[in-house]
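I have placed the structure first, in the form of structure tokens, so that the comments after it can refer back to it.
Below, chain A is the first sequence line, B the second, and so on; all start at residue 1.
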Amino acid sequence: MVLTMKKNYENISDLSEIMRDSNELIVDRIRHLNQLEERGINPYPYKFKEVIHSRFIHDNFAHFDEEQLLTVAGRVMLMRNMGNATFLNIRDQEGDIQVYLSKSNLGPEKYEQIKLFDIGDIIGFEGNVFRTKTGEITIKAQELSLLTKSIRPLPEKYHGIQDADLRQRHRSLDMIMNNDVRERFINRARAMSAIREFMNGLNFVEAETPILDTKYGGGEAKPFVTNVNAMDLEVFMNVSPELYLKRLMVGGIERVYTMGRSFRNEGIDRTHYPEFTLFECYMAYADYHDMMELMENLYEYVFLKVNGSTKIVYDGIEIEFKAPWKRATMCDLVKLDTGLDVLNMSKDEIVEAIASKELLINIKEQNLDIASMTKGDIIMELFDAYSASKLQQPTFVIDFPAESSPLCKLHRENADLIERFEPYANGVELGNAYSELNDPLRQRILLHEQASKLRAGLETASPMDEEFALAIDIGMPPAGGLGIGIDRMMMFLTNSYSIKDVIAFPLIKR
RNA sequence: GGGUGCGUAGCUCAGCUGGUAGAGCAAUUGACUCUUAAUCAAUGGGUCCGGGGUUCGAGCCCCCGCGCUCCCA
């Protein structure tokens with residue numbers, strides 16, 4: 001690109017050529033920028049000294065010598081000018097600190113510069129730390145240097161940025177104005193590190209699995225479709241890493257995990273987003289009971305590491321993530337919440353009971369064709385309608401109907417069930433786990449069933465994956481597998497009501 | 001996909017029964033060397049989301065569209 005930049009942007013009337021939405025506030029700031037350059041000050045210098053962060057200064061005030069010069073830097077958030085003295089509040093990654101500037105300390109020439117500084121500029125200071133007469137820990141600046149000139153005004157200093165659309169569209173501003181938002185994304189990173197620490201400590205190997213693939217599986221979901229031009233090939237984006245992690249196990253990795261993005265081309269709501277971060281792990285010689293222990297210990301580890309506590313208050317309810325969590329079978333929960341002993345009833349008896357019981361209005365309102373569903377599917381619908389939302393405290397819902405997954409072992413004591421669990425908290429599903437199916441013949445039957453459902457028009461069914469089936473033929477050790485929705489974990493960890501609040505850059509229309 | 005509420009200055013928000021567009025912060029100018037949402041005085045700043053309609057007259061009423069919020073499937 002050939003773009004000749006003028007040293008000074010004097011031709012402010014040309015701004016519309018490079019800026020969609022200039023206004024007088026921006027023009028004023030560019031005027032300041034021009035004046036600084038005319039004084040020989042580079043508004044975008046290359047580097048600055050190592051800085052001490054605001055929180056460290058607040059925490060260690062007593063240990064600093066009065067004469068000791070400290071270097072701080074940050075974005076100007078507030079400016080209180082009183083003629084020959086000025087107070088600034090600057091914000092760094094850790095928080096805010098006040099800076100005191102006076103003409104007598106800086107000398108008239110440097111002090112005059114601050115007239116050309118604006119709120120939002122990034123400025124570095126050297127000075128000694130002291131307490132003002134009102135007690136605020138403050139840096140008395142002896143030197144100052146502009147580090148970055150901001151040409152666009154920040155939102156209003158008190159109310160900040162409120163509009164949900166603007167906050168997502170301009171997440172940088174949201175993070176500047178709302179300390180908790182910046183902290184939320186830092187905590188997200190800390191949590192992901194903690195998960196890796198925990199898993200690595202148990203001798204799990206971190207793996208990567210494909211995003212682009214000619215087939216998809218491991219989850220019930222509509223995939224995204226795209227093309228690899230170089231191969232003239234239609235491909236899908238992964239809906240789950242499961243089948244590849246199992247192939248790594250067949251290859252001899254006994255403990256494997258991954259944490260990455262999966263994609264499901266379905267609805268968006270408070271707890272669903274089309275691209276989401278999925279953690280999955282597989283552990284040889286373990287079953288789903290072992291995976292429950294792993295999950296509750298992992299949650300406990302992450303919450304202690306990041307929040308210092310396993311207890312949170314979410315949506316007005318105190319939730320305790322300390323291990324162990326409650327375990328309850330799906331059929332027991334349905335029995336408790338509907339009065340129907342579904343485990344010991346035939347499908348016809350259940351259908352009849354739903355029809356005759358006036359209390360079961362929720363499920364009737366959904367206009368499901370219950371008579372044509374399997375018994376297991378009806379049980380799952382009853383669970384969704386009557387039990388799921390009641391699970392406030394962390395609970396493992398265990399022993400799902402056999403038809404609920406093609407990748408899970410049958411229950412060792414009841415062939416109508418499989419050894420599957422989903423953990424719930426605050427009525428939200430947190431993950432999914434199995435005693436993994438490794439019987440190659442049963443696996444092939446179930447995969448072919450999926451493929452024929454797909455051909456029959458069920459868009460969430462998976463196509464046959466012959467390479468995966470071949471790997472299972474070779475032999476996968478008995479194993480427990482566990483998937484955890486990381487975004488939902490982050491919602492609880494950071495007390496966020498919506499999944500979009502824990503995704504830094506959600507999709508924006510236009 | 002269905003319902004609800006919203007869209008006004010850079011930001012946060014008012015705007016009555018349809019009658020010339022408002023405030024605070026931010027900005028500009030001035031005063032002020034311990035302020036902290038600093039204070040005081042003055043000044044400038046608008047595609048009222050877009051399009052159409054009703055009306056003498058629309059930010060406001062009606063229709064269509066766009067975007068967002070919340071609830072529901």
Side-chain angles (χ1 to χ4, degrees), chain A residues 12 15-16 19-33 35 54 58 75-91 95-108 110-112 114-121 127-141 150-170 172-174 176-179 222 265-272 315 361-369 381 384-385 389 427 497-501 506-510:
Chain A
I12 290 168
L15 275 179
S16 63
M19 198 176 275
R20 189 174 59 179
D21 60 338
S22 64
N23 60 48
E24 63 164 11
L25 301 178
I26 290 175
V27 170
D28 282 340
R29 283 159 176 261
I30 295 174
R31 195 172 288 129
H32 288 164
L33 186 150
Q35 289 171 28
S54 56
H58 286 293
R75 190 181 300 277
V76 177
M77 299 305 293
L78 293 169
M79 214 183 312
R80 294 178 292 281
N81 183 296
M82 293 169 299
N84 294 317
T86 298
F87 286 93
L88 299 178
N89 291 67
I90 63 167
R91 177 164 295 175
D96 294 3
I97 190 156
Q98 179 168 263
V99 179
Y100 174 69
L101 305 166
S102 73
K103 195 183 244 179
S104 53
N105 265 315
L106 288 167
K110 266 182 210 150
Y111 190 77
E112 285 305 301
I114 66 173
K115 286 187 179 168
L116 301 175
F117 291 169
D118 292 292
I119 289 174
D121 291 354
N128 44 303
V129 64
F130 74 110
R131 264 189 209 277
T132 63
K133 69 182 183 189
T134 54
E136 175 142 357
I137 292 167
T138 302
I139 301 292
K140 184 183 287 179
S150 168
I151 62 164
R152 194 175 283 270
L154 292 182
E156 200 253 356
K157 66 184 174 189
Y158 187 62
H159 299 93
I161 182 168
Q162 300 288 339
D163 183 83
D165 181 34
L166 285 184
R167 290 179 56 182
Q168 291 171 14
R169 195 175 291 271
H170 304 299
S172 309
L173 284 177
D174 191 23
I176 291 167
M177 301 310 293
N178 300 309
N179 288 324
K222 275 198 257 180
N265 205 347
E266 294 174 349
I268 298 177
D269 63 26
R270 189 171 82 76
T271 56
H272 293 85
D315 202 13
I361 194 124
N362 291 10
I363 196 142
K364 287 180 209 158
E365 278 176 349
Q366 292 176 33
N367 290 320
L368 298 168
D369 184 7
E381 290 292 345
D384 285 344
S389 64
Y497 183 72
S498 165
I499 196 167
K500 283 188 185 179
D501 293 335
L507 276 172
I508 300 291
K509 280 195 186 176
R510 289 169 187 251

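- In this model, the phosphate group of B/rU35 is not approached by any side-chain N or O of A/R80 to a distance below 4.0 Å at OP1 or OP2.
- Per the geometry, CE belonging to A/M77 stands 17 Å off C1' belonging to B/rU35, to the nearest Å.
- Residue A/K509 has its side chain nearest to B/rC68 when only B/rU12, B/rC68, B/rC34 are considered.
- Contact annotation for A/E24: base contact, defined as any heavy-atom pair under 4.0 Å involving a base atom.
- Pair check for B/rC61 finds B/rG53; Watson-Crick or G-U wobble, both atom distances under 3.5 Å.
- With salt bridges taken as basic N to acidic carboxylate O contacts below 4.0 Å, none links A/D501 and A/R270.
- In this structure, CD1 in A/I119 is found 12.0 Å from CZ in A/R75, a value given to the nearest 0.5 Å.
- Taking atom C1' on both nucleotides, B/rG53 is separated from B/rC60 by 15 Å, rounded to a whole Å.
- For B/rC32, its base never sits under 3.5 Å from the side chain of A/N84 at any donor and acceptor pair.
- Contact annotation for A/D163: backbone-only contact, meaning every heavy-atom pair under 4.0 Å involves sugar-phosphate atoms and none involves a base.
- The shortest distance between the side-chain N/O atoms of A/K157 and the OP1/OP2 oxygens of B/rA38 is below 4.0 Å.
- You won't find any donor-acceptor pair under 3.5 Å spanning the side chain of A/E156 and the base of B/rG10, going by distance alone.
- Taken from CD in A/Q35 to NZ in A/K115, the straight-line distance is 11.0 Å, to the nearest 0.5 Å.
- Contact annotation for A/H170: no contact, since no heavy-atom pair falls under 4.0 Å across all strands.
- For the pair A/Y497 and B/rC71, the criterion of a side-chain N or O lying under 4.0 Å from OP1 or OP2 is met.
- A/L78 comes within 4.0 angstrom of the backbone, heavy atoms only, and of no base.
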